[in-house]
Amino acid sequence: MMSPTEMWLKRDRQYVSDALKIRFYPLAVKSGKGVMLRDFEDNGYIDISAGWAVANIGYGNEKMALALKEQYETLSFSSNITIPDHQMIQLSEKLANLLPGEFEKKVWYGLTGSDANDCIAKLIPISAGRPRLISFMGSYHGQTMGSLALSGHTAQARFISGANVVKVPYPNPYRPPFGETENLTQQVIDYIENEMFTTICPPDSTAGLIIEAIQSDGGVIVPPDDFLPELRKMCDRHGIYLIVDEVKVGMGRTGKWFAFEHSGIEVDAVSLGKPLGGGVPISAVIARKEILDCGNALHLFTASGNPISTKAALTNLSIIEEEGLMENASEQGEYFKRQLLDLQTKHEIIGDVRGKGLALGIELVEDRVTKQPASEKTAAVCYRAFELGLLVFYVGVHSNVIEITPPLIINRQEVDMAVAILDQAITDVEQGRVDMDKVRQYAGW
């Protein structure tokens, strides 16, 4: 006889499109509270993915639940593309004030990080009066045609689009694109200036450059400290807009509202999504006024900025501020990273530990010298962690980086429990105690 979870998974296989699935283990969830999710047999799991960094205030937050109930009873919907309600206007003012810089700013709304980056793909060339855009290899900006054109991730490689987008190497300190870690920032800047600008992408026809301050789905890659400042200088030299994608690592995850703030720079536009609504779909672009005012009705959706989503975002921002969640992200992130570095001394399979705040990555390799990606073992670690009561996903162009993006409410005891389970899961994989036939049924991506 099938369990309730097995029954739901069977119906999932029967009725739900494979095109929207990335599955790592056989789990269907019934409820969630705090950092815990529960299946239909009431088994509990510590979730250190936060549903791809969406549930930044955790699951079942009572303040959020009450705010959404009251908002639905007051005004359940207004198509703000035609008749604005005050929630959207309030949120716009709040977000504009969060973005560093004394220039005039405006805000655009959508429902996903993909449509936010679609906004960038469409409006930046119009605003600048230049056709070309630059993005980075390994980047993941979304699944719509405009956002996937900006992306440089293997997940979008089968689609052909974006003839106006040129992709350049991301400065990965663990896997340097030009073979040397010394002067990595200058290597990449020189490549753009001396190779790309003089051949296929003239700067005077380049409108903007989009980058992730931490390349998340590309492998939780943190660039050298001087990279974003040097990129800003380069863009200024050529009159190119600098856009930062903060869809996954923004909204307090690194200890600041935006991950790029650690570099001390100002940017011309930033895209937001995933955690902005604390679990309710909403995305945004905050940008220079001239970018978002370059024309009327150029990029809009009927439900953009709807009152439920904007109320969720306002409540989410308030909770982050009032409960000190950015400070907690910094404190717990530093502690979590130290614990993971301790694990690295125990397990040869851990090639690198990196990240900032509560955006952390563990890169698994077959050999620390050759750095051969341990892709299948990474899938096995995630699967075994699930069996032991921990939910975590893997990312990276080689599918060998365990991504850790827990709710910002996580405490030290929960971190210790998560690290202990990861330790056991890695040990079990190293000692061959995981059924790889089961793992291969859930190949992730």
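Below, each value reflects all heavy atoms present in this structure, side chains not excepted, and no hydrogens, waters or symmetry copies.
The side-chain tip of Lys105 points at the ring of Phe103 from less than 6.0 angstrom away and within 45° of straight on.
Looking at His141, its side chain never comes within 3.5 Å of a backbone N or O of Asp245 through a donor-acceptor pair. Put simply, the side chain of Ser318 never gets that close to the backbone of Leu314: no donor and acceptor are under 3.5 Å apart. A donor-acceptor pair is defined here as one N or O able to donate and one able to accept, closer than 3.5 Å; no such pair exists between the side chain of Asn56 and the backbone of Leu408. When atom types are taken as modelled, the side chain of Arg253 and the backbone of Leu358 share a donor-acceptor pair closer than 3.5 angstrom. Side-chain N or O atoms of Asp115 include none that pairs as donor or acceptor with a backbone N or O of Asp118 at under 3.5 Å.
Side-chain contact between Leu364 and Val381 is present, with at least one heavy-atom pair separated by less than 4.5 Å. Between Gln339 and Leu422 the shortest side-chain heavy-atom distance does not fall below 4.5 Å. Side-chain contact between Ile282 and Leu91 is present, with heavy atoms from C-beta onward closer than 4.5 Å. Using a 4.5 Å heavy-atom cutoff, the side chains of Pro173 and Thr181 are not in contact. The shortest distance between side-chain heavy atoms of Met251 and Glu246 does not fall below 4.5 Å. In this structure, Gln344 and Leu340 have side chains that are not in contact, with every pair of non-hydrogen atoms separated by 4.5 Å or more. Put simply, the side chain of Asn117 does not reach to within 4.5 Å of the side chain of Gln143, judged on heavy atoms.
Under the side-chain hydrogen bond (donor to acceptor under 3.5 Å, both in side chains) criterion, Asn183 pairs with no residue, sequence neighbours left out. Remark: Lys371 pairs with no residue by the salt bridge (charged side-chain N to carboxylate O under 4.0 Å, His left out) rule, at least two apart or across chains. Every ring pair (Phe, Tyr, Trp, His ring centres under 6.0 Å) that Tyr191 has, sequence neighbours left out, goes to Phe178. Shown here are the salt bridge (charged side-chain N to carboxylate O under 4.0 Å, His left out) partners of Glu323, two or more places apart in sequence or in another chain: Lys63. Every residue was checked against the ring pair (Phe, Tyr, Trp, His ring centres under 6.0 Å) condition with Tyr241, not counting sequence neighbours, and none meets it.
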Does the side chain to side chain contact (heavy atoms under 4.5 Å, CB included) test come out yes or no for Phe258 and Val244, once each step is laid out?
-> CA-CA 9 Å; Phe258 309 110; Val244 178; over 6 Å; no
Under the salt bridge (charged side-chain N to carboxylate O under 4.0 Å, His left out) criterion, do Arg232 and Asp268 qualify, and how do the steps go?
-> CA-CA 10 Å; Arg232 175 74 272 181; Asp268 302 301; 3.1 Å; yes
Dump the intermediate steps for side chain to side chain contact (heavy atoms under 4.5 Å, CB included) on Asp342 and Lys346, then the final yes or no.
-> CA-CA 7 Å; Asp342 286 345; Lys346 295 175 59 178; over 6 Å; no
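Here the rule is side-chain contact (heavy atoms from CB on, under 4.5 Å) with Val220, and of Val395, Leu360, Val249 only Val395 fits it.
Sorted by first and then second residue, the side-chain hydrogen bond (donor to acceptor under 3.5 Å, both in side chains) pairs with a member in residues 163-180 read Arg175-Glu363; sequence neighbours excluded.
Side chains of Gln424 and Asp428: a donor on one and an acceptor on the other come within 3.5 Å.
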